[in-house]
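Just below is one structure, and these are the notes that go with it.
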Amino acid sequence: MEIAVVDYKGGNVQSVLFALERLGAQATLTADPETLRKADKVLFPGEGEASSAMEALRAAGLDLVLPTLTQPFLGICLGMQLLGQHSEENDTSMLGLLPFKVQRFVPDATHKVPHMGWNNLQALQGPLFAGLTDADHVYFVHSYYAPVGAYTTAQASHPAPFSAAVQHGNFHGVQFHTEKSGEAGTRILANFLNL
């Protein structure tokens with residue numbers, strides 16, 4: 001199986017590559033359109049800030065390539081958010097593959113921003129979550145979120161529900177870090193590789 005990890009100089013790439021290695025899978029870090037098109041699976045990890053990430057994608061022409069991919073595709077953290085229409089983070093237009101608009105969490109006395117740490121998943125749907133339950137916890141680090149909508153395949157709360165995972169066709173996204181989420185994250189990555 002050929003696995004491609006999108007290289008747009010975003011953060012968290014090495015952790016994802018190591019997580020794939022632990023599953024016995026080798027991946028190619030690439031920004032080459034043909035390599036991405038030929039891959040059996042594509043992962044799109046990210047840490048950082050939306051406008052800088054979109055600027056890097058546009059500079060590499062990846063903003064035009066990624067929406068044309070037809071194989072299973074997994075956006076992680078910022079990689080999931082970039083699948084949406086727009087982000088409040090620096091008023092950023094994004095890839096437009098899913099109809100959500102990313103919003104900033106509003107802190108309160110008991111819920112700080114960023115939302116950081118372990119949180120359980122709720123309302124699980126779809127093949128990424130085979131073998132998991134609402135009792136499973138995953139690791140989040142984010143200040144912005146996608147609201148719950150028809151595209152939502154898992155939720156978490158901080159304090160209100162938000163999309164912990166999304167899907168539209170072959171495009172899947174998870175707001176949490178699969179590669180830092182222990183057994184649950186490993187299971188989700190393995191389920192993705194088996195799509």
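Note that the coordinates shown come from a computational prediction; the quantities given were computed from them, not determined experimentally.
- His115 and His142 form a side-chain donor-acceptor contact under 3.5 Å, judged by distance and modelled atom types alone.
- The CG atom of Leu83 lies 7.5 Å from the CZ atom of Phe171; values are rounded to the nearest 0.5 Å.
- Cluster annotation: Ile188 and Phe192 are assigned to the same hydrophobic cluster (Ile/Leu/Val/Met/Phe/Trp/Tyr, side-chain heavy-atom contacts under 4.5 Å, transitive).
- Judged purely by distance below 3.5 Å, without hydrogens or angles, the side chains of Gln71 and Asn170 never pair a donor atom with an acceptor atom.
- The structure places CG of Leu23 at 11.0 Å from CZ of Arg187, a figure rounded to the nearest 0.5 Å.
- Shown here is Glu183, whose CD atom has no more than 12 heavy atoms of other residues, nucleotides or ligands within 6.0 Å.
- Listed by first and then second residue, the salt bridge (charged side-chain N to carboxylate O under 4.0 Å, His left out) pairs that reach into residues 11-35 are Glu34-Arg37, sequence neighbours excluded.
- Both Val174 and Val13 are part of a single hydrophobic cluster, where members link through side-chain heavy atoms under 4.5 Å apart.
- A pairwise comparison of heavy atoms in Asp7 and Ala31 identifies O-CB, 3.3 Å as the closest pair.
- Taking the side chain as every heavy atom from C-beta outward, Val6 and Leu43 never approach each other to under 4.5 Å.
- No continuous path of hydrophobic side-chain contacts links Leu64 to Val42 [ILVMFWY only; heavy atoms under 4.5 Å].
- Interatomic distance, CG of Leu78 versus CD of Gln175, reported as 8.5 Å (0.5 Å rounding).
- Side-chain contact between Lys41 and Leu195 is present, with heavy atoms from C-beta onward closer than 4.5 Å.
- In terms of modelled atom types and a separation under 3.5 Å, the side chain of Glu179 and the main chain of Ser15 share no donor-acceptor contact.
- At a cut-off of 3.5 Å, with distance as the only test, a side-chain donor of Glu49 or Ser52 sits close to an acceptor on the other residue.
- Between Phe140 and Phe176, the ring-plane angle classifies as perpendicular under the 30° and 60° cut-offs.
- Ser157 and Gln155 form no side-chain donor-acceptor contact under 3.5 Å, judged by distance and modelled atom types alone.
- Transitive grouping of hydrophobic side chains (ILVMFWY, heavy atoms separated by less than 4.5 Å) brings Trp118 and Met116 into a common cluster.
- In this structure the side chain of Ile3 never reaches within 4.5 angstrom of the side chain of Asp40, judged on heavy atoms.
- Side-chain contact check for Asn120 versus His137: some heavy-atom pair is nearer than 4.5 Å.
- The backbone N or O of Ala135 lies less than 3.5 Å from a partner atom in the side chain of Thr133, making a donor-acceptor pair.
- The shortest distance between side-chain heavy atoms of Val16 and Ile76 falls below 4.5 Å.
- In terms of heavy-atom proximity, Arg104 sits nearest to Pro107 at NH1-CD, 4.2 Å.
- Ala184 meets the side-chain contact (heavy atoms from CB on, under 4.5 Å) test with Leu132, Asp136, Val138; sequence neighbours excluded.
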Kindly determine whether Tyr145 and Phe105 satisfy ring-ring contact (aromatic ring centres under 6.0 Å, His included), including the steps that lead there. CA-CA 7 Å; Tyr145 69 95; Phe105 283 118; 4.7 Å; yes
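- A side chain to side chain contact (heavy atoms under 4.5 Å, CB included) with Val166 is found for one member of Gln81, His172, Met80 and no other, namely Met80.
- Note on ring orientation: taking the six-membered ring where Trp is involved, the planes of Phe73 and Phe44 are tilted (angle from 30° to 60°).
- Distance alone, capped at 3.5 Å, places no donor-acceptor pair between the Lys180 side chain and the Tyr139 backbone.
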Let me see the working for Glu89 and Lys101 under salt bridge (Lys or Arg N to Asp or Glu O under 4.0 Å), right down to the final yes or no. CA-CA 10 Å; Glu89 187 174 25; Lys101 293 183 178 179; over 6 Å; no
Determine, stepwise, if the pair Leu20 / Phe18 fulfils side chain to side chain contact (heavy atoms under 4.5 Å, CB included). CA-CA 5 Å; Leu20 292 169; Phe18 291 144; over 6 Å; no
Please determine whether side chain to side chain contact (heavy atoms under 4.5 Å, CB included) holds for the pair Asn191 and Phe129, giving the CA-CA distance in whole Å, both sets of side-chain angles, and the decisive distance to 0.1 Å. CA-CA 7 Å; Asn191 288 343; Phe129 302 104; 5.7 Å; no
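- Between the CD atom in Glu55 and the CG atom in Asn90 there is a gap of 11.0 Å [rounded to 0.5 Å].
- Nearest heavy atom pair, residue Pro147 against residue Phe100, reads CD-CB, 4.3 Å.
- Hydrophobic clustering, with ILVMFWY side chains joined whenever heavy atoms are under 4.5 angstrom apart, keeps Leu74 apart from Leu66.
- Side-chain contact between Leu82 and Met54 is present, with heavy atoms from C-beta onward closer than 4.5 Å.
- Crowding of His168 atom NE2: a count of heavy atoms from other residues, nucleotides or ligands under 6.0 Å not exceeding 12.
- The two residues Ser163 and Thr152 have their closest heavy-atom pair at OG-OG1, 2.7 Å.
- Contact detail for Pro67 and Leu62: the closest heavy-atom pair is CD-O, 4.1 Å.
- Shortest non-hydrogen contact noted between Asp108 and Pro159 is OD2-CG, 4.0 Å.
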Any chance you could lay out the side chain to side chain contact (heavy atoms under 4.5 Å, CB included) test for Leu128 and Thr153, step after step, and finish with the verdict? CA-CA 9 Å; Leu128 281 186; Thr153 56; 5.6 Å; no
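- The shortest side-chain heavy-atom distance between Asp63 and Met94 does not fall under the 4.5 Å cut-off.
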Verify side chain to side chain contact (heavy atoms under 4.5 Å, CB included) between Asp134 and Leu121, making sure each step is shown before the conclusion. CA-CA 5 Å; Asp134 286 2; Leu121 296 173; 5.7 Å; no
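- Atom CG of Leu189 and atom OG1 of Thr178 lie 3.5 Å apart (nearest 0.5 Å).
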